[in-house]
Amino acid sequence: MLNVIAKAAQTVAVNQNVIFTNTRVKSRRCACTSGWLNHDDGSGLFEVTNRGNLPMAVEVEFNANVSAAAAGATALTIELNGEAIGGTEMDYTVATAEVYQNVKASTLIAVPSGSSFTVSVGNISATSVLVKDANIIIKKLA
């Protein structure tokens, strides 16, 4: 399991990822070179690898406070290899600039034996999104 956060506010440009700066909790198999999950602090990419002979399932949970510099629609989504995962879009229409609202999403990802995926949280809005107190948890279920 891995829990990574980014407390400070950050501006996430269009088609860019939320950056996670601090690891809070990490199981011992997340950090080693033969582990199933790798992440470097200061990156928005999480590499999930199934080195086993059986398929595995991973749960991804994300939440953050979001806003924008001007009124308008914002949208984040959990992504797999750079593409949005259906059912994870997090929308917030900003009525007053820099007034934050909490958004969250979770999903399950099947990881076939011998495969590897990159998980991220991306901005799919038409404008930049302000993100603070971002929190992501990635758990191996089976």
Distance-only check: which donor-acceptor pairs under 3.5 Å involve side-chain atoms of residues 106-124, not counting sequence neighbours?
| residue | atom | partner | partner atom | Å |
| --- | --- | --- | --- | --- |
| S113 | OG | G52 | O | 2.5 |
| S115 | OG | P112 | O | 2.6 |
| S116 | OG | E47 | OE2 | 2.3 |
| S116 | OG | V48 | O | 3.4 |
| S116 | OG | T49 | OG1 | 3.2 |
| T118 | OG1 | E47 | OE1 | 2.8 |
| S120 | OG | E79 | OE1 | 3.3 |
| N123 | OD1 | S125 | N | 2.7 |
| N123 | OD1 | S125 | OG | 2.9 |
| N123 | ND2 | V12 | O | 2.9 |
| N123 | ND2 | A13 | O | 3.3 |
| N123 | ND2 | T127 | O | 3.1 |

For residues 95-103, tabulate all N or O donor-acceptor pairs below 3.5 Å that involve a side-chain atom, not counting sequence neighbours.
| residue | atom | partner | partner atom | Å |
| --- | --- | --- | --- | --- |
| N102 | ND2 | A64 | O | 3.3 |
| N102 | ND2 | N65 | OD1 | 3.2 |

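I19 and I78 fall into different hydrophobic clusters, defined by Ile, Leu, Val, Met, Phe, Trp and Tyr side-chain heavy atoms under 4.5 Å apart, directly or through other members. At a threshold of 4.5 Å between side-chain heavy atoms, the hydrophobic network of Ile, Leu, Val, Met, Phe, Trp and Tyr places V4 and L80 in one connected group. Grouping the Ile, Leu, Val, Met, Phe, Trp and Tyr side chains by contacts below 4.5 angstrom, directly or via other members, places I85 with L76. Transitive grouping of hydrophobic side chains (ILVMFWY, heavy atoms separated by less than 4.5 Å) brings L37 and V18 into a common cluster.
Partners of S128 under the side chain to side chain donor-acceptor pair (under 3.5 Å) rule, at least two apart in sequence or in another chain, do not exist in this structure. Under the side chain to side chain donor-acceptor pair (under 3.5 Å) criterion, T23 pairs with D41, not counting sequence neighbours. With sequence neighbours excluded, the residues satisfying ring pair (Phe, Tyr, Trp, His ring centres under 6.0 Å) with F20 are F46. Residues passing the salt bridge (charged side-chain N to carboxylate O under 4.0 Å, His left out) test with K139, sequence neighbours excluded: E59, E61. The side chain to side chain contact (heavy atoms under 4.5 Å, CB included) check on D91 picks up A75, E89, with sequence neighbours excluded.
Each side-chain hydrogen bond (donor to acceptor under 3.5 Å, both in side chains) pair with one or both residues in residues 6-15, not counting sequence neighbours, would appear here, but there are none. Here ring pair (Phe, Tyr, Trp, His ring centres under 6.0 Å) pairs that include residues 119-142, with residues two or more places apart or in two chains, number zero. Judged as a salt bridge (Lys or Arg N to Asp or Glu O under 4.0 Å), not a single pair has a partner in residues 120-129 (not counting sequence neighbours). Here ring pair (Phe, Tyr, Trp, His ring centres under 6.0 Å) pairs that include residues 66-94, with residues two or more places apart or in two chains, number zero.
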ask   = V60 and I136: side-chain contact (heavy atoms from CB on, under 4.5 Å), yes or no, with the steps?
value = CA-CA 7 Å; V60 179; I136 191 167; 3.9 Å; yes
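Here the side chains of W36 and V58 are in contact, with some heavy-atom distance below 4.5 Å. Side chains of V66 and M90 form no contact here, defined as non-hydrogen atoms less than 4.5 Å apart.
When all heavy atoms are compared, the tightest approach of N38 to G35 is ND2-O, 4.5 Å.
Between the CZ atom in R51 and the CG atom in N53 there is a gap of 13.0 Å [rounded to 0.5 Å]. In this structure, the separation between CG on L2 and CD1 on I138 is 6.0 Å, given to the nearest 0.5 Å.
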